Peer 1: 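Here it is: the structure, laid out below.
All of these numbers come straight from a predicted model, not from anything done at the bench. Below, read A as the first sequence line, B as the second, and so on, with proteins coming before strands; counting in each chain starts at 1.
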Amino acid sequence: MPELPEVQTVVNGLGPYVVGRRVSRVRLERTDVVFPPGTDVVGALIGRLIVALHRRGKKIVFTLDTGDRFVIHLGMSGQLTLDPPDATVPKHTHFVVDFAGLPLQLRFKDPRRFGGIWWHGIDDSVDAALGPEPLSMNWRVLARRLDNTRRSIKTTLLDQTVVAGIGNIYADESLFEARIDPLTPAYELSDEQVRRLTRAIKLILRRAIRAKGSTLRDYRAADGSTGSFQSRHRVYDRAGLPCRTCKTPISRIVLGGRSTHFCATCQRPSYGSRLG
DNA sequence: GTCCATGTTCTTTA
DNA sequence: CTAAAGAACATGGA
């Protein structure tokens, strides 16, 4: 499910319920979703207070009263929801946490298991190697990071060490908004293009958060509801459909092994690029 | 049976 | 050596 807007929506939904709560019960249904392998998450969590919850990139960061932190990453199909304890526990639910005084339990379900639970010590930095947060990033910071790679801008935006939180949907949507050809080598973008791209990323991400994310299939907010931003996608998953701006059929190509959607007319190569 | 999927990491290639 | 491309991971839906 998870790109920045979806993860932010989950955090927004969980925060009011779990922050300030004490963990009363933990069940780990399979140990291979926990990293490092062998970590005793049940022992480490029982009786602890959740003092903070926040998002960093696509990671959901829990902070305990001990100062320890752990991260839940939703991978491709993960869901983190609050459900009544008597509600049916769906298949692929790997981790369930109950809190004192809360008539809801936190459930982590992830059929494909690309996600998981990462336990961090007090000193172990959660955001080591992660790029800047796109919503508060200055375009010059992005420009500096694009300067030293010959990869396409599309592929580069998916690199979490360059910018944190952007995935396949919002990379395509942001490049459309900025009118930039996804095949453009990152280092060839002009300052003007990077400025437009930075603005586009912030605009698209904010709109998507307001719409509570995009639900294509698995994504659910903490209360189990779906997002609505998918209905406002301009290019993602719209191959062959007319561009909402110019009616040209949307193209689909594969870049870095990921499907990439764009309008060949609105996102012309060379339009405003550094090398022309 | 085939192909594809909102992600990341390890391996191979250039 | 490094950067970039490719494969792998696991499950389910079209």
Peer 1: Any salt bridge between A:Asp181 and A:Arg268, counting N to O under 4.0 Å?
Peer 2: no

Peer 1: Please report, to 0.1 Å, the donor-acceptor pairs under 3.5 Å made by any side chain of residues 134-144 of chain A, with sequence neighbours excluded.
Peer 2:
residue: A:Asn138; atom: OD1; partner: A:Arg140; partner atom: N; Å: 2.8

Peer 1: For B:dT6, does OP1 or OP2 lie under 4.0 Å from any side-chain N or O of A:Ser77?
Peer 2: no

Peer 1: Regarding A:Gly257, tell me which of base, sugar-phosphate or nothing describes its non-hydrogen contacts under 4.0 Å with the strands shown.
Peer 2: nothing

Peer 1: Hey, is A:Glu133 close enough to A:Arg56 for a salt bridge, meaning N to O under 4.0 Å?
Peer 2: yes

Peer 1: Measure from CZ on A:Arg113 to C1' on B:dT9 and round the result to the nearest Å.
Peer 2: 17 Å

Peer 1: Does a side-chain N or O from A:Arg112 land closer than 4.0 Å to OP1 or OP2 of B:dT6, or not?
Peer 2: no

Peer 1: If I take atom NZ in residue A:Lys59 and atom P in nucleotide B:dT9, what distance separates them, rounded to the nearest angstrom?
Peer 2: 8 Å

Peer 1: At 4.0 Å (heavy atoms only), tell me whether A:Thr155 reaches a base, stays on the sugar-phosphate, or touches nothing.
Peer 2: nothing

Peer 1: Start at the 5' end of DNA chain C and walk down; is the nucleotide closest to A:Thr149 or to A:Arg217 reached first?
Peer 2: A:Thr149

Peer 1: Do the side chains of A:Asp98 and A:Arg27 get close enough for a salt bridge, i.e. N-O under 4.0 angstrom?
Peer 2: yes

Peer 1: Starting at CG of A:Leu158 and ending at C1' of B:dT6, how long is that distance when rounded to a whole Å?
Peer 2: 11 Å

Peer 1: Taking only the side-chain nitrogens and oxygens of A:Gln160, find out if one of them lies under 4.0 Å from OP1 or OP2 of B:dT8.
Peer 2: yes

Peer 1: Using the P atom as the point on both nucleotides, what is the distance between C:dA10 and B:dT11, in whole Å?
Peer 2: 15 Å

Peer 1: Within the structure shown, what part of the strands sits under 4.0 Å from A:Lys91 by heavy-atom distance: base, sugar-phosphate, or nothing?
Peer 2: sugar-phosphate

Peer 1: Please check the phosphate of B:dT8 (OP1 and OP2 only) for any side-chain N or O of A:His73 closer than 4.0 Å.
Peer 2: yes

Peer 1: Strictly below 4.0 Å: does A:Tyr236 bring a side-chain N or O up to OP1 or OP2 of B:dT6?
Peer 2: yes

Peer 1: Would you kindly give the CZ-to-P distance between A:Arg150 and B:dA14, to the nearest whole Å?
Peer 2: 17 Å

Peer 1: Applying salt bridge (charged side-chain N to carboxylate O under 4.0 Å, His left out), name anything that partners A:Arg113, two or more places apart in sequence or on another chain.
Peer 2: A:Asp32

Peer 1: To the nearest angstrom, how far is A:Glu6 atom CD from B:dT6 atom P?
Peer 2: 12 Å

Peer 1: Please give, in whole Å, the distance from B:dA5 C1' to A:Phe114 CZ?
Peer 2: 9 Å

Peer 1: Would you mind checking if A:Asp68 and A:Arg48 are paired as a salt bridge, meaning a charged N to carboxylate O distance below 4.0 Å?
Peer 2: no

Peer 1: Please state the P separation for the pair B:dT2 and C:dA8 - nearest whole angstrom.
Peer 2: 15 Å

Peer 1: Does C:dG13 pair with anything, Watson-Crick or G-U wobble, both distances under 3.5 Å, and if so, with which nucleotide?
Peer 2: B:dC3

Peer 1: Does A:Arg217 make a cation-pi contact with A:Tyr219, if we ask for NZ or CZ under 6.0 Å from the ring centre and within 45° of the axis?
Peer 2: no

Peer 1: Under a 4.0 Å N-O cut-off, is there an ion pair linking A:Arg150 with A:Glu188?
Peer 2: no

Peer 1: On the nucleotide B:dT6, are OP1 or OP2 found under 4.0 Å from the side-chain N or O atoms that A:Lys58 carries?
Peer 2: no

Peer 1: Take atom CD1 of A:Ile204 and atom C1' of B:dT6, then tell me their distance rounded to the nearest Å.
Peer 2: 15 Å

Peer 1: Shoot me the first and last contacting nucleotide of DNA chain C against chain A, ordered 5' to 3', at under 4.0 angstrom to non-hydrogen atoms.
Peer 2: C:dA4 to C:dG13

Peer 1: Give the rounded distance in Å between these two atoms: CG of A:Leu130 and C1' of B:dG7.
Peer 2: 13 Å

Peer 1: Using the P atom as the point on both nucleotides, what is the distance between B:dC4 and C:dG6, in whole Å?
Peer 2: 15 Å

